[in-house]
Number of protein chains: 2
Amino acid sequence: MPRRTGQDREVDVSRPSTSSSSIDRQRGIDRAIGLLELLLVRRQPMSAGEIARHLGAPRSTVYEIVKRLTDARMLEPVGSGGQVFFGRTMHLFGAAYLEGDAGLRRAGEALDALSAETGATVQCCALRGNKYVVLDSRDGTGIFHITSDVGVEVPLPWTASGRVLLGHLSDGEIRSFIPPEDFRLPDGSALPVQRFLDDVAQARRDGFSETTGLASSFTWCQAVPILGREGRADLTLCIVLPVDSDAMQRKRCLSLLVAHARRLGHAGGDRRIA
Amino acid sequence: MPRRTGQDREVDVSRPSTSSSSIDRQRGIDRAIGLLELLLVRRQPMSAGEIARHLGAPRSTVYEIVKRLTDARMLEPVGSGGQVFFGRTMHLFGAAYLEGDAGLRRAGEALDALSAETGATVQCCALRGNKYVVLDSRDGTGIFHITSDVGVEVPLPWTASGRVLLGHLSDGEIRSFIPPEDFRLPDGSALPVQRFLDDVAQARRDGFSETTGLASSFTWCQAVPILGREGRADLTLCIVLPVDSDAMQRKRCLSLLVAHARRLGHAGGDRRIA
DNA sequence: TGACGCCGTCCGAAATATCGGACACTCATT
DNA sequence: AATGAGTGTCCGATATTTCGGACGGCGTCA
């Protein structure tokens with residue numbers, strides 16, 4: 001693995017599009033946003049130096065930014081090695097967001113109900129950039145939980161929700177939307193793009209999607225769309241069953257999912273036919 | 001050798017307090033932090049112009065900052081009047097914070113238990129600056145709920161938790177810590193400072209605090225400290241009962257509170273004696 | 001119709017925040 | 001002891017960002 005020091009500033013050709021860092025001097029606010037996104041992806045405390053290395057930012061600048069964010073308690077010191085992670089203020093911002101977003105709040109209530117009704121792990125998911133992300137979840141009951149963290153970005157082809165969330169895109173749009181490497185599954189095998197496109201089309205017809213053995217070999221996933229004002233799947237309701245659950249149980253779960261999602265959805269009827 | 005921090009550049013006498021920036025040019029990141037804090041206090045969508053007015057910031061700058069934060073989805077457009085509020089990314093940051101802070105997460109589990117055991121509104125509270133703030137809560141069951149929002153800042157003398165959270169301060173420190181206007185209660189009456197100091201002292205002795213008719217006339221509040229590593233009350237567990245609840249029920253609730261808080265607390269024994 | 005208040009965008013100029021580098025320090029490892 | 005890698009701080013210079021103001025729209029009210 002090549003060492004990445006502050007040198008990679010002059011990689012002009014090999015930097016495709018996003019996070020285009022030319023020879024640039026960046027704004028503090030952009031550095032701050034990058035820093036927070038980095039912590040979100042890494043999901044563990046980092047020191048200022050470490051952040052600077054990963055961001056390709058000057059150390060002195062990162063120290064300054066970290067200080068400001070720490071004063072505002074958007075970051076908090078963790079441990080004794082000068083590391084920081086998200087702070088309490090972020091929790092308050094997040095809670096305020098939830099208060100303002102009736103959609104996600106109501107979805108959370110549906111998760112409570114679904115969790116009680118099924119005992120399985122249930123989630124509410126959405127698109128974030130060109131990735132799939134869990135926005136909220138309730139862990140299943142029982143000795144072994146199947147869990148996944150809120151906020152972790154996952155390639156769309158790995159998930160049932162991914163098939164539902166892309167229903168509003170054409171095949172061509174989907175091809176250019178998803179990075180090619182995302183079609184490689186966690187087990188190393190490659191998912192044929194056409195099969196994924198077929199899955200999306202089928203999910204569009206059926207109003208739900210089921211997958212198994214994709215992200216993990218021991219799960220059977222079901223996802224249904226929560227339709228927004230424009231008839232697009234803004235959110236999904238999703239249930240994670242053990243792969244050996246019987247067909248009857250699956251059918252019951254699916255109908256529960258559909259019922260909750262329809263109640264939550266904005267576009268009442270079957271706009272997806274159009 | 002005198003230390004030169006970035007602060008003492010313009011040590012003018014005419015700096016009244018925070019917020020009211022005179023003629024100065026501020027950093028983008030500070031503007032951004034101020035903007036987010038403003039939204040947290042206002043708890044409703046605001047337009048860029050409105051934000052600029054409240055912040056005393058140039059309109060053009062605020063538009064720029066809002067654009068950046070919106071691109072990062074830390075803010076989201078709301079309505080059609082160009083208003084913005086916290087965005088989905090904030091929710092993810094907040095969730096990541098919760099994942100990293102075992103203390104608050106465990107307190108949340110205690111709230112679940114307390115809520116089930118008592119049916120009342122229960123909260124986890126802490127200090128934020130020189131104010132009291134609810135970090136997490138579970139609403140009571142029954143027809144009428146007594147609720148309060150996560151993240152709303154409240155004067156410390158209005159609350160039972162306030163009396164518990166200041167146990168580590170001396171009378172003098174408390175006097176200078178709390179803004180004088182915070183001793184005026186919501187009903188307009190003034191709480192004698194000495195009475196508040198006595199309350200804090202008693203809470204320190206008893207290991208809990210009870211108040212009634214302070215923040216509202218119809219509530220009876222109980223608060224107990226969750227002790228941190230240094231034996232200080234970092235968090236409180238708090239229960240809100242109707243003012244007409246009977247003594248027996250109150251006693252039961254208090255003992256439940258104490259049991260949960262002791263289990264959560266770091267300093268096991270009675271460090272407060274020291 | 002005109003006056004007013006908003007929103008959103010654009011621009012040049014000047015103040016300054018970012019940057020690179022240097023320093024002192026600690027802690028392991030050689 | 002010497003080396004290396006890390007943290008945390010400070011400083012001057014310059015490329016840049018903030019700022020103030022102007023502009024064109026839109027809607028409302030008188």
Side-chain angles (χ1 to χ4, degrees), chain A residues 1-11 19-36 39 42 44-72 75-85, chain B residues 1-12 20-35 42 44-72 75-85:
Chain A
M1 205 190 294
R3 285 278 240 62
R4 305 286 296 308
T5 62
Q7 296 289 34
D8 54 357
R9 230 177 305 126
E10 35 194 337
V11 277
S19 75
S20 67
S21 55
S22 41
I23 327 150
D24 54 3
R25 168 195 177 112
Q26 272 194 25
R27 297 180 174 207
I29 188 170
D30 289 335
R31 297 284 191 205
I33 292 171
L35 190 162
L36 296 172
L39 283 179
R42 285 312 222 60
Q44 52 184 317
M46 298 177 74
S47 70
E50 208 176 344
I51 293 168
R53 213 179 315 125
H54 281 265
L55 242 42
R59 235 157 42 87
S60 53
T61 302
V62 172
Y63 271 99
E64 178 72 23
I65 304 285
V66 165
K67 180 173 165 340
R68 302 266 162 170
L69 294 178
T70 305
D71 285 347
L75 296 180
E76 279 174 18
V78 175
S80 56
Q83 298 174 299
V84 294
F85 199 58
Chain B
M1 202 184 292
R3 285 286 242 39
R4 297 279 312 294
T5 65
Q7 300 286 30
D8 50 3
R9 224 178 305 130
E10 34 180 339
V11 268
D12 48 9
S20 76
S21 51
S22 43
I23 346 151
D24 55 3
R25 165 190 173 124
Q26 271 194 27
R27 298 181 172 206
I29 188 171
D30 289 336
R31 296 284 190 204
I33 291 172
L35 191 162
R42 286 311 225 58
Q44 52 183 320
M46 298 177 75
S47 71
E50 208 176 345
I51 292 168
R53 215 176 314 124
H54 280 265
L55 241 43
R59 238 155 40 89
S60 54
T61 302
V62 173
Y63 271 98
E64 179 71 23
I65 305 283
V66 166
K67 182 173 162 346
R68 303 267 162 168
L69 294 178
T70 305
D71 285 348
L75 296 180
E76 279 175 18
V78 175
S80 56
Q83 300 175 298
V84 293
F85 200 58

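Naming convention: chains lettered A, B, ... in sequence-line order (proteins, then strands); numbering from 1 in each chain.
- Note: Leu39(A) CG to His54(A) NE2 = 10.5 Å, rounded to the nearest 0.5 Å.
- A close approach under 4.0 Å does not occur between any side-chain nitrogen or oxygen of Ser60(A) and OP1 or OP2 of dC19(C).
- The nearest whole Å value for the distance from the NZ atom in Lys67(B) to the P atom in dT17(D) is 13 Å.
- Distance from the side chain of Pro58(B) is smallest to dC19(D) among dC19(D), dC19(C), dG6(D).
- Distance CD1 (Ile51(A)) to C1' (dG8(D)): 14 Å, rounded to an integer number of Å.
- The distance between atom CZ of Arg27(B) and atom C1' of dT18(C), rounded to the nearest whole Å, is 8 Å.
- When the P atom of dG20(D) is taken as reference, atom CG of Leu55(B) falls 13 Å away, rounded to whole Å.
- Rounded to the nearest 0.5 angstrom, Leu75(B) CG and Met46(B) CE are separated by 11.5 Å.
- Contact between the side-chain N/O atoms of Arg31(B) and the OP1/OP2 oxygens of dC19(D) is found at a separation under 4.0 Å.
- Map Glu50(A) and Gly28(B) each onto its nearest nucleotide of DNA chain D; the residue landing nearer the 5' end is Glu50(A).
- Protein atom CG of Asp30(B) is 16 Å distant from nucleotide atom C1' of dC19(D), rounded to whole Å.
- Remark: C1' of dG8(D) and CE of Met46(A) are 17 Å apart, rounded to the nearest angstrom.
- Judged by distance alone, with hydrogens and angles left aside, Arg59(B) brings a side-chain donor or acceptor within reach of the base of dG8(C), the pair sitting under 3.5 Å.
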Would you check, one step at a time, whether the test side-chain contact (heavy atoms from CB on, under 4.5 Å) holds for Lys67(A) with Tyr63(A)? CA-CA 6 Å; Lys67(A) 180 173 165 340; Tyr63(A) 271 99; over 6 Å; no

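- With distances taken from any side-chain atom of Tyr63(A) to the nucleotides dC7(C), dT7(D), dT18(D), the minimum falls on dT7(D).
- Between Ile65(B) and Ala48(A), the one whose closest nucleotide on DNA chain D sits nearer the 5' end is Ala48(A).
- The side chain of Thr61(A) sits closest to dT18(C) out of dT9(C), dT18(C), dC19(D).
- Separation of atoms CG (Leu55(A)) and CG (Leu35(A)) is listed at 6.0 Å; rounding is to 0.5 Å.
- Rounded to a whole Å, the CD atom of Gln26(B) is 12 Å from the P atom of dT18(C).
- The interatomic distance linking Arg68(A) (CZ) with dT18(C) (C1') rounds to 12 Å, in whole Å.
- Using a 4.5 Å heavy-atom threshold, the side chains of Arg31(B) and Val62(B) count as separate.
- Judged by atom type and distance alone, Arg25(B) reaches the base of dT17(D) through a side-chain donor-acceptor pair under 3.5 Å.
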